[in-house]
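Just below is one structure, and these are the notes that go with it.
If you're wondering where the values come from, they're calculated on a predicted model, not measured in any experiment. Below, chains carry the letters A, B, ... as their sequence lines are ordered, and counting in each starts from 1.
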Protein chains: 2
Amino acid sequence: MQRVSLKFLAKELGIAEGTVSRALNDYPDISEATRERVKEVAKKFNYKANQNARRLATGVAEAVAYLMPPNTHAISEPFVSQLLEGLGSSLAKRGWDLLVVQASSPETEAETVEKLSSSGKVSGVVISRPYKEDRRIELLKKYNVPFIVHGRSVNSEDYAWYDVDGEKAFHDGVGILAELGHQNIAFIGAPTDYNFGQMRLDGYRRGLASNNLTLDEAIIKIVDMSDDAGAAATAKMLGLPHPPTAILCATDTQAFGALAAIREAGLTPGIEVSVLGYDGLDFGKHTNPPLTTMAQPQSHSGEEICDMLLAIIDGGNPVDYQELRSAILVRRMSVGPVRPQ
Amino acid sequence: MQRVSLKFLAKELGIAEGTVSRALNDYPDISEATRERVKEVAKKFNYKANQNARRLATGVAEAVAYLMPPNTHAISEPFVSQLLEGLGSSLAKRGWDLLVVQASSPETEAETVEKLSSSGKVSGVVISRPYKEDRRIELLKKYNVPFIVHGRSVNSEDYAWYDVDGEKAFHDGVGILAELGHQNIAFIGAPTDYNFGQMRLDGYRRGLASNNLTLDEAIIKIVDMSDDAGAAATAKMLGLPHPPTAILCATDTQAFGALAAIREAGLTPGIEVSVLGYDGLDFGKHTNPPLTTMAQPQSHSGEEICDMLLAIIDGGNPVDYQELRSAILVRRMSVGPVRPQ
DNA sequence: CGCTAGACCGAAAGCGCTTTCGGAATCAAT
DNA sequence: ATTGATTCCGAAAGCGCTTTCGGTCTAGCG
């Protein structure tokens with residue numbers, strides 16, 4: 001099976017290799033006649049340029065990488081899937097590739113980033129869920145790779161990012177609960193080395209203050225983002241002498257666990273204890289009871305992020321690409337007014 | 001910023017480019033001394049080989065592609081995420097890349113596959129959820145790309161695949177329900193142009209036969225794999241003069257909908273109407289009631305599939321790589337004995 | 001001490017494409 | 001008919017790496 005290369009086409013057409021290349025790439029110095037002739041023959045032989053040669057010659061990769069969050073099972077989280085989907089389809093429209101790369105361990109992360117930037121494999125990268133201080137971001141800046149962050153680190157002035165305002169969401173979340181009469185509002189948070197974890201906690205705190213509620217460390221639990229962790233934290237708080245009547249959760253998954261723990265304690269979520277989640281997972285409508293949550297408007301985040309990244313690759317100034325979205329409340333059944341004790 | 005290339009290293013070391021390359025790649029004809037010297041300098045300058053050049057020279061891509069299912073939002077399905085995660089980490093261990101490619105539309109699918117195979121971008125590809133007759137498989141065979149199918153098409157003798165025996169699972173599923181006294185077992189299936197849809201339906205039918213149950217077309221619904229579709233189908237069947245006492249669902253997502261529809265009808269799932277799902281989604285433990293389901297043992301499917309693919313890329317015969325796994329029952333609360341009417 | 005066999009490295013070709021540069025051919029204008 | 005511009009294409013030089021081939025040098029042997 002003869003591999004059809006430029007050389008092959010050139011021979012077939014009786015013209016020079018370079019001419020074929022220029023014809024295929026619509027250079028202006030090729031006559032209409034030969035351009036068409038070339039393209040026809042190319043189609044006939046089903047010519048597909050070797051991407052590696054092309055990339056080597058042009059120096060542009062026409063590919064972007066998504067750097068998976070370092071923690072395990074991260075890809076199973078819906079937000080990753082949605083992001084990938086959007087990125088993938090946007091990229092595909094332009095004929096670019098999407099690389100999904102995982103650092104095998106936190107130690108090799110730097111190595112991975114370096115390799116990504118130095119090996120010419122990609123023209124840009126996107127990462128998610130930065131830590132407050134994130135090494136990946138530093139490396140990306142250092143190696144001068146166009147990148148965009150899904151989320152923000154603490155110092156986010158000088159790079160491009162796309163984020164949902166979790167601080168505001170949790171501030172407002174407390175307000176929603178307070179308005180329903182809740183005074184004893186617990187918080188189940190995510191690890192605060194993640195900046196989003198910190199911001200949601202900050203929002204919660206500010207929300208408390210805005211509503212003249214006192215902060216009680218006993219009903220603030222920073223735990224893993226899993227249902228089991230959410231359940232354990234909830235169980236513990238329910239055993240308090242003065243248990244919370246509402247629980248604000250940093251993630252829906254934790255909220256699922258909270259629901260379970262409340263039922264386990266013989267109480268009814270949404271009636272005796274309200275639960276407000278965050279993420280807007282579709283699945284929340286099937287829990288018992290359906291979960292009220294603050295949804296990230298991330299249906300098109302992948303596309304937006306892709307557009308932003310491409311703009312930066314094309315020479316745009318990263319600082320011009322910082323998008324902050326707001327979460328929106330999805331009312332279901334897990335939040336209700338406080339009941340008289 | 002001087003790009004550190006082989007040439008650069010060679011000059012730095014005062015030896016030939018080829019020698020540097022061979023040293024770095026552990027060729028046996030390089031003395032231990034220079035090998036170390038080379039590697040040291042390479043590390044010092046943080047040398048990373050340009051992958052495009054490397055690939056061009058060697059002709060091997062060291063990358064595999066996952067071809068996304070053509071339907072939209074496919075990536076959000078947990079099985080895709082899990083697969084990607086496994087593939088990604090296995091590949092990463094070997095320093096290979098994972099490309100996620102989406103055909104922008106069914107029409108461009110052939111084009112996509114062609115390009116993938118001819119452009120030298122990847123050494124192998126994996127696809128999921130084949131149709132009974134699947135064009136992608138034909139194309140992959142035609143272009144002689146190593147590939148492996150997650151699932152099987154109707155004629156699966158001559159290529160490599162990894163599948164879970166849905167036929168058996170549904171046959172046994174009927175048995176489980178029948179043993180609990182159910183005689184009127186409904187089936188909510190997936191579109192039968194997907195081969196897995198057909199196989200699960202076949203299994204259901206054979207299960208009916210094995211248990212001397214009569215097949216009633218009125219309680220067989222082939223619908224989309226969504227919760228809404230599952231709910232609608234369930235609602236319809238519940239309105240029948242002789243409604244089913246148990247429902248077997250082709251996917252957990254449909255089962256979630258079924259649960260909702262049953263509650264909507266004022267009945268209690270797991271008591272008045274049993275629901276048995278398939279997929280083993282972790283999330284099923286949070287439904288109301290928790291969903292009993294047949295789980296795909298897919299936690300490591302990504303790794304296994306990766307190993308199989310690499311073996312084929314290394315020259316293995318695809319036919320030697322056909323793995324059939326069994327589903328395992330996860331007992332939760334949505335299945336119970338039939339109640340006296 | 002001469003000869004052969006390794007051990008080790010340099011030189012160079014090539015992977016398949018892009019892109020610059022210059023030359024040939026065509027054409028219009030003087 | 002000469003010149004100057006254009007138009008179009010061929011030739012060739014890379015892009016950064018791998019890999020073969022042969023040559024030099026040392027060591028080991030008789």
Side-chain angles (χ1 to χ4, degrees), chain A residues 1-39 41-42 45-63 95 97 115 117-123, chain B residues 1-39 41-42 45-63 95 97 115 117-123:
Chain A
M1 189 158 117
Q2 165 70 40
R3 204 157 162 15
V4 351
S5 60
L6 262 197
K7 192 197 292 184
F8 175 86
L9 287 188
K11 205 161 287 177
E12 195 72 21
L13 285 154
I15 61 179
E17 227 176 297
T19 306
V20 178
S21 170
R22 288 195 313 267
L24 255 18
N25 291 320
D26 291 321
Y27 271 56
D29 65 341
I30 298 291
S31 74
E32 191 59 32
T34 65
R35 188 203 319 289
E36 277 178 15
R37 209 160 62 88
V38 169
K39 288 197 174 178
V41 174
F45 285 101
N46 216 324
Y47 170 76
K48 298 275 180 283
N50 180 310
Q51 289 301 314
N52 298 318
R54 175 168 236 279
R55 287 171 181 168
L56 177 57
T58 60
V60 346
E62 297 199 335
D97 289 335
K115 190 157 180 189
S117 32
S118 317
S119 68
K121 281 197 284 209
V122 298
S123 334
Chain B
M1 187 159 122
Q2 165 70 38
R3 203 158 164 12
V4 352
S5 59
L6 262 197
K7 192 197 291 185
F8 175 87
L9 288 189
K11 204 163 290 177
E12 195 72 22
L13 284 154
I15 61 179
E17 228 176 297
T19 306
V20 179
S21 170
R22 287 196 313 267
L24 256 17
N25 291 319
D26 289 324
Y27 271 56
D29 64 343
I30 299 289
S31 74
E32 193 58 32
T34 65
R35 189 203 318 290
E36 276 177 16
R37 208 161 62 88
V38 169
K39 288 196 175 180
V41 174
F45 285 101
N46 216 326
Y47 169 76
K48 298 276 181 283
N50 179 309
Q51 288 302 313
N52 298 318
R54 174 166 237 280
R55 287 170 182 171
L56 178 57
T58 60
V60 346
E62 297 198 335
D97 289 335
K115 191 159 181 188
S117 33
S118 317
S119 68
K121 281 197 284 209
V122 298
S123 335

Show, in sequence, the C-alpha distance, side-chain angles and deciding distance for B/Asn46 and B/Val4, and conclude whether the side-chain contact (heavy atoms from CB on, under 4.5 Å) test is met. CA-CA 8 Å; B/Asn46 216 326; B/Val4 352; 5.9 Å; no
So B/Val38 and B/Ile15, side-chain contact (heavy atoms from CB on, under 4.5 Å) or not? Walk me through it. CA-CA 9 Å; B/Val38 169; B/Ile15 61 179; 3.8 Å; yes
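Think of the region where chain A sits on DNA chain C: with heavy atoms and a 4.0 Å cut, that region ends 5' and 3' at C/dG16 to C/dT20.
When heavy atoms are screened at a 4.0 angstrom cut-off, B/Asn50 is found touching the sugar-phosphate backbone but no base atom. B/Thr19 comes within contact range of at least one nucleobase, with a heavy-atom separation under 4.0 Å. Residue contacts shown for A/Ile30 are limited to sugar-phosphate atoms, with no base heavy atom under 4.0 Å away. Looking at heavy-atom distances under 4.0 Å, B/Asn25 makes contact with sugar-phosphate atoms alone, never a base. Residue-level contact check: A/Gly59 touches neither bases nor backbone, having no heavy atom under 4.0 Å from any strand. Among the protein residues, A/Ser21 comes within range of the nucleic acid bases, having at least one heavy atom under 4.0 Å from a base atom. Across all strands, B/Gln51 comes closer than 4.0 Å to no nucleic acid atom at all (heavy-atom distances).
Between B/Glu36 and B/Lys39, no side-chain nitrogen of the basic residue sits less than 4.0 Å from a carboxylate oxygen of the acidic one, so the salt-bridge criterion is not met.
The neighbour count for A/Lys115 NZ, taken as heavy atoms of other residues, nucleotides or ligands under 6.0 Å away, does not exceed 12.
Rounding to whole angstrom units, CZ of residue B/Arg22 and C1' of D/dC21 are separated by 10 Å.
No donor-acceptor distance shorter than 3.5 angstrom exists from the side chain of B/Asn50 to the backbone of B/Ser5, with no hydrogens or angles considered.
Looking at which nucleotide of DNA chain C each of B/Ala57 and A/Leu24 is closest to, the 5′-most match is held by B/Ala57. Ranked by how close their nearest DNA chain D nucleotide is to the 5' end, B/Leu56 and B/Gly18 are led by B/Leu56. When each of B/Glu32 and A/Lys48 is assigned the nucleotide of DNA chain C bearing its nearest heavy atom, the one mapping closer to the 5' terminus is B/Glu32.
Residues passing the salt bridge (Lys or Arg N to Asp or Glu O under 4.0 Å) test with B/Asp29, sequence neighbours excluded: B/Arg22.
By the 4.5 Å heavy-atom criterion applied to side chains, A/Tyr47 and A/Leu6 are counted as neighbours.
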